[in-house]
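Sequence lines set the chain letters: A, B, ... in the order given, protein chains first and strands last, and positions in each chain run from 1.
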There are 2 protein chains.
Amino acid sequence: MKDGPDIAHIAALIGDPARANMLTALMGGMALTATELSAEAGVTKQTASSHLSKLEAGGLLTIRKQGRHRYYQLADTDVAELLESLMGVAMRAGHVRTRPGPKDPAMRHARVCYDHLAGDMGIRLYESLLKRGHLNEQAGEPALTVAGRDFVTGLGLRLDALEGTRRPLCKACLDWSERRTHLAGSLGAALLDHMYASGWAKRKPDSREVVFTKSGQQAFERSFGEG
Amino acid sequence: MKDGPDIAHIAALIGDPARANMLTALMGGMALTATELSAEAGVTKQTASSHLSKLEAGGLLTIRKQGRHRYYQLADTDVAELLESLMGVAMRAGHVRTRPGPKDPAMRHARVCYDHLAGDMGIRLYESLLKRGHLNEQAGEPALTVAGRDFVTGLGLRLDALEGTRRPLCKACLDWSERRTHLAGSLGAALLDHMYASGWAKRKPDSREVVFTKSGQQAFERSFGEG
DNA sequence: TCCTTGTTTCGATTAGGATCGAACTATGAA
DNA sequence: TTCATAGTTCGATCCTAATCGAAACAAGGA
């Protein structure tokens with residue numbers, strides 16, 4: 001017997017296709033019910049129930065009871081980052097399951113990645129921040145510059161609150177659909193919240209899609225457009 | 001069928017106890033032969049051979065043939081970080097396999113964690129850098145301060161070379177034996193190399209243990225001791 | 001109260017894969 | 001050449017865990 005953390009146990013939990021599909025679905029950040037997750041995974045409710053209780057026992061999911069529904073969500077951002085890390089390694093190793101149907105253009109345009117913006121819009125956001133000198137990359141990881149601190153404060157965000165947590169402020173997240181980087185971390189989450197709050201965009205129900213209003217798109221261009 | 005990276009496949013690869021043990025052993029950073037790995041995993045050579053070819057096909061390991069030996073090592077630092085990430089989640093979820101035998105004090109004192117220093121000495125190194133103002137923690141992730149840049153340059157390290165890679169310069173790595181943080185990233189690796197090169201310490205063969213010489217210990221205290 | 005919907009438990013089936021013994025290949029040493 | 005060591009391939013066995021049907025349980029709503 002070896003000592004140390006039992007990585008085999010939780011890797012095995014993620015290693016089942018049905019469970020991996022559920023976890024991937026929960027990367028959308030929204031809490032989902034057992035029935036919804038069974039559909040995502042393509043198994044019956046009974047099977048899903050068994051999987052979900054294992055994931056919960058393993059500490060990967062948390063349950064929130066509400067009426068007769070049980071809402072499941074990822075236990076914390078560490079789990080989300082673990083899944084991202086897995087996706088990154090799987091990507092580079094060439095293990096992509098290519099979907100046979102037509103790729104959904106709306107999803108590629110703007111979708112949510114756990115709690116921050118991904119897809120084409122997410123990449124444009126990231127590159128704009130870089131180009132305008134609000135962000136710079138130090139050895140692979142993004143960091144907010146002094147000018148960047150002024151900028152996000154100007155948007156009305158409370159930097160001290162964002163930095164108070166254990167979670168990194170800025171984090172690079174690999175976008176598998178575009179194979180480019182977008183912004184995660186507490187700042188990435190706060191920026192998406194800002195867009196919701198300002199009425200620029202909203203979540204499409206039952207989907208990871210993010211739809212921008214016409215005026216929201218224009219406001220996005222002003223703040224995060226080219227050059 | 002879902003699209004996206006096939007995380008279930010590579011998670012399943014890590015999810016087998018025998019394979020997880022092999023990967024954990026390779027976190028020592030040293031390339032190991034198939035026979036050594038079979039002993040680490042506690043299986044026969046035949047079984048190990050089958051596991052190793054799967055890990056190699058999955059892109060988690062690379063092989064280097066040398067004479068009649070085949071040396072295996074982790075494919076890259078992304079894989080090492082994925083395993084660290086897994087250990088972190090497994091730790092917090094309380095999945096620790098407590099070893100029945102006595103804990104090896106030498107391993108707790110100083111050992112290698114993939115390519116950087118861990119154990120008690122690793123933690124002292126990290127805390128000294130913090131205390132002396134060479135490092136500060138920004139929202140959970142360590143960053144080198146201006147004074148810190150001078151300090152490591154003074155040690156003879158080439159900062160530009162360290163920052164040239166995709167790998168982050170500074171990274172927090174959770175030490176499961178102490179439940180504290182030590183320094184990973186390209187700087188963490190460079191500092192350990194510096195200690196080897198300066199004759200402060202060397203790797204004990206066939207072990208993750210790092211043994212400091214008497215004068216090396218003194219030099220460590222001067223550079224990274226209290227206050 | 002009865003009915004509907006969401007979820008879990010039980011039992012039985014089945015399939016995938018981990019395991020090892022034995023035989024086989026490859027490389028180096030004597 | 002012959003021997004020894006490192007590693008793989010093959011075949012058979014065995015066991016775990018995924019799966020689903022059916023039934024039980026829980027929680028609204030009528």
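- For the pair Asp16(B) CG and dC15(D) P, the computed distance is 17 Å after rounding to whole Å.
- Between Leu74(B) and the options Leu61(B), Asp115(B), Leu60(B), Leu55(B), a side-chain contact (heavy atoms from CB on, under 4.5 Å) holds for only Leu61(B).
- Distances shown here put every side-chain N or O of Ser50(B) at or beyond 4.0 Å from the OP1 or OP2 atom of dG17(C).
- Contact between the side-chain N/O atoms of Lys54(A) and the OP1/OP2 oxygens of dA18(D) is found at a separation under 4.0 Å.
- Partner of Phe212(A) under the ring pair (Phe, Tyr, Trp, His ring centres under 6.0 Å) criterion, out of Trp200(A), Phe220(A), Tyr196(A): Phe220(A) alone.
- Of the side-chain N and O atoms in Thr47(B), one or more sit less than 4.0 angstrom from OP1 or OP2 of dC20(C).
- Put simply, the side chain of Gln46(A) and the base of dG21(D) share a donor and an acceptor less than 3.5 Å apart.
- Within the 4.0 Å cut-off from OP1 or OP2 of dA26(C), not a single side-chain nitrogen or oxygen of Arg70(B) is found.
- Side-chain atoms of Thr44(A) lie closest to dC20(D) of the nucleotides dC20(D), dA18(D), dT7(C).
- With no hydrogens or angles considered, no side-chain donor-acceptor pair links Thr35(B) and Ser38(B) at under 3.5 Å.
- A close approach under 4.0 Å does occur between a side-chain nitrogen or oxygen of His51(B) and OP1 or OP2 of dT19(C).
- Rounded to whole Å, atom P of dA18(D) lies 12 Å from atom CG of Leu52(A).
- For Glu56(A) and dT8(C), the CD to P distance is 10 Å, given to the nearest whole Å.
- Residue Thr35(B) places none of its side-chain N or O atoms closer than 4.0 Å to OP1 or OP2 of dA6(D).
- Residue Leu13(A) contributes atom CG, which lies 17 Å from atom P of dT16(D) at whole-angstrom precision.
- Looking at heavy-atom distances under 4.0 Å, Lys65(B) makes no contact with the nucleic acid at all.
- The distance from atom NE2 of His69(A) to atom C1' of dG28(D) is 10 Å, rounded to the nearest whole Å.
- Thr47(A) and Ser50(A) form no side-chain donor-acceptor contact under 3.5 Å, judged by distance and modelled atom types alone.
- By the 4.0 Å N-to-carboxylate-O rule, Arg92(B) lies close enough to Asp76(A) to be salt-bridged with it.
- What separates CD of Glu36(B) from P of dA6(D) is a distance of 10 Å, to the nearest Å.
- Counting non-hydrogen atoms under 4.0 angstrom, Tyr72(A) reaches the backbone sugars and phosphates but no base.
- Residue contacts shown for Ala18(B) are limited to sugar-phosphate atoms, with no base heavy atom under 4.0 Å away.
- A donor-acceptor pair is defined here as one N or O able to donate and one able to accept, closer than 3.5 Å; no such pair exists between the side chain of Arg203(A) and the backbone of Val210(A).
- Atom CD1 of Ile63(A) and atom P of dA26(D) are 15 Å apart (whole Å).
- Spacing between atom NZ of Lys45(B) and atom P of dT8(D) amounts to 11 Å, rounded to whole angstrom units.
- Nucleic acid contact for Ser53(B): none, since no nucleic acid atom lies under 4.0 Å from a heavy atom of the residue.
- Close to dT8(D), at under 4.0 Å from its OP1 or OP2, lies a side-chain N or O of Ser49(B).
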